[in-house]
Amino acid sequence: MRRRIKNCSFPSCRPPAGRRGLPALLAALVLLSGCGGGKDDSLRIGAALYTQDDTFISAMAQDLEGLVREAESGTGKKITLFIADGKSSQSTQMDQVDRFLARGCDVLCVNLVDRTAAAVIADKAEAEGVPLVFFNRQPVEEDIQRWDGIYYVGADARESGELQGELVLDAWRRDREALDRNGDGVLQYVMLEGEPGHQDSLLRTEYSIKALTDGGVEVEKLANEAANWNRAQAAARMAQWLEEFGDGIETVFSNNDDMALGAIDALADTPRDRWPLIVGVDATAPALEAVASGQLYGTVHNDGRGQAQAILDLTLALWNGEDPAQAVDLEEGHYVWLPYRQVTLENLEEFWKE
Ligand code: BGC
Ligand code: CA
């Protein structure tokens with residue numbers, strides 16, 4: 001594998017924008033010290049987000065910024081993190097990736113807008129010899145295998161679905177009468193889905209319900225619709241379903257916490273005696289508050305901080321020319337998986353602290 005940090009060719013390794021105003025000689029020195037055969041003391045990371053307007057992703061980006069600062073003071077090396085907001089446009093993100101490469105970023109971290117765009121980005125990074133860490137939005141296996149400098153950091157979507165389904169299964173087993181309001185022995189539910197085509201939407205939707213049916217619970221889907229991870233869109237869907245099904249909704253499954261909070265917003269708008277059981281995924285700060293207040297029955301902790309830490313550990317290892325398998329738990333040479341955990345009122349304390 002070619003790595004720019006080791007084999008950097010002079011013209012392609014440009015300093016960040018802020019340095020371009022330096023007098024020519026000084027600039028040349030910066031370039032030579034940054035790209036010569038010796039050890040470069042300054043690491044430049046380019047992180048491209050699918051959109052900053054996503055609660056989970058923006059929290060993860062903040063975690064990454066904080067961890068980078070800690071690593072800087074811990075290692076004494078200069079680390080610059082460039083963060084780009086793709087604003088849900090793949091062509092915008094492509095331009096941002098091009099700019100990161102032109103700026104001489106040593107490692108790229110990409111949260112794809114469109115998972116099918118992975119191959120094009122992988123080829124660009126490979127052509128420049130710049131290692132590439134995809135995160136949160138998983139490219140297909142074939143794209144990950146394109147080059148040995150490509151990695152994926154994420155969490156197993158199937159596991160989150162199973163854990164979410166098991167939360168409801170436990171509630172059903174513990175107090176079936178409370179859940180089965182109409183007493184027909186069947187769990188009537190609605191499903192708020194994330195973006196169509198996102199691995200987390202597809203697998204959470206499937207495996208949450210499978211956990212219940214595997215547990216012997218008969219279920220009836222009243223409605224399902226994509227609300228694209230978005231609180232306002234979810235509130236609109238839920239308002240519509242409340243008009244249509246009223247108290248017939250016994251459980252709301254949501255592929256993430258923001259949409260679960262949207263369902264809660266809709267419920268709060270139409271006063272009623274009993275609320276359906278609502279479950280989400282992520283354990284974002286506002287979701288933990290909703291668990292504490294009893295509006296959200298439970299959620300599944302999606303370890304964004306752990307993922308940010310893995311991205312940084314991987315990046316530092318690659319930059320230092322070390323074996324990444326020594327820095328992170330690497331599976332099949334390319335994947336780092338962070339575990340999910342269930343959250344309810346009973347263990348909420350553990351997550352407040354994080
Ligand atoms: C999170 C969602 C987030 C999505 C973005 C998922 O893993 O659970 O909250 O919107 O990633 O890709
Ligand atoms: Ca029922």
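Atoms within each ligand, like the ligands themselves, are counted from 1 in listed order.
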In ligand 1, which numbered atoms sit nearer than 4.0 Å to a non-hydrogen atom of Asp200? 6 (C), 7 (O), 11 (O)
Rounded to 10°, the OD1/Asp184 to the Ca ion (ligand 2) to O/Val186 angle comes out at 80°
Evaluate the salt bridge (Lys or Arg N to Asp or Glu O under 4.0 Å) criterion for residues Arg204 and Glu193: first the C-alpha distance (whole Å), next the side-chain angles of each, then the deciding distance (0.1 Å), finally the verdict. CA-CA 9 Å; Arg204 287 175 188 166; Glu193 297 172 1; over 6 Å; no
Quick one: nearest non-hydrogen protein atom to atom 12 (O) of ligand 1, plus distance? Asn136 OD1, 2.6 Å
According to the interplanar angle, ranging from 0 to 90°, do the rings of Tyr335 and Tyr152 count as parallel (below 30°), tilted (30 to 60°) or perpendicular (above 60°)? perpendicular
Specify the protein heavy atom at minimum distance from atom 3 (C) of ligand 1: its residue, its atom name, and the distance to 0.1 Å. Asp54 OD2, 3.4 Å
Decide, yes or no, whether a salt bridge links Lys124 with Asp98 under the criterion of side-chain N to carboxylate O below 4.0 Å. yes
Would Arg137 pass as a cation-pi partner of Tyr50, given that its NZ or CZ must be under 6.0 Å from the six-membered ring centre and within 45 degrees of the axis? yes
Donor-acceptor pair, side chain of Ser201 and main chain of Glu195, under 3.5 angstrom: yes
With a 4.0 Å cut-off on N to O distance, would you call Asp156 and Arg158 a salt bridge? no
Provide the number and element of each atom of ligand 1 under 4.0 Å from a heavy atom of Asn302. 1 (C), 7 (O), 8 (O)
Under 3.0 Å from the Ca ion (ligand 2), is there an N/O/S atom belonging to Leu179? no
Under 3.5 Å between any N/O of Asn111 and any N/O of ligand 1: does that happen in this structure? no
Beyond-backbone contact of Val252 with Tyr189, side-chain heavy atoms, under 4.5 angstrom: no
Closest protein heavy atom to atom 8 (O) of ligand 1, given as residue, atom name and distance to 0.1 Å: Asp282 OD1, 2.6 Å
Indicate the ring-plane relationship of Phe82 and Phe100, choosing parallel, tilted or perpendicular according to the 30° and 60° boundaries. tilted
Looking at the Ca ion (ligand 2), is there an N, O or S atom belonging to Glu220 that lies under 3.0 Å away from it? no
Test of proximity, Arg204 against ligand 1: N or O pairs below 3.5 Å: yes
Apex the Ca ion (ligand 2) - arms OE2 from Glu250 and OD1 from Asp180 - angle rounded to 10°: 90°
Record the part of His198 in heavy-atom contact with ligand 1 below 4.0 Å; permitted values are side chain, backbone, both and neither. side chain
Identify the protein heavy atom lying closest to atom 4 (C) of ligand 1, giving its residue, its atom name and the separation to 0.1 Å. Trp229 CE2, 3.8 Å
Are Arg274 and Asp247 within salt-bridge range, i.e. N to O under 4.0 Å? no
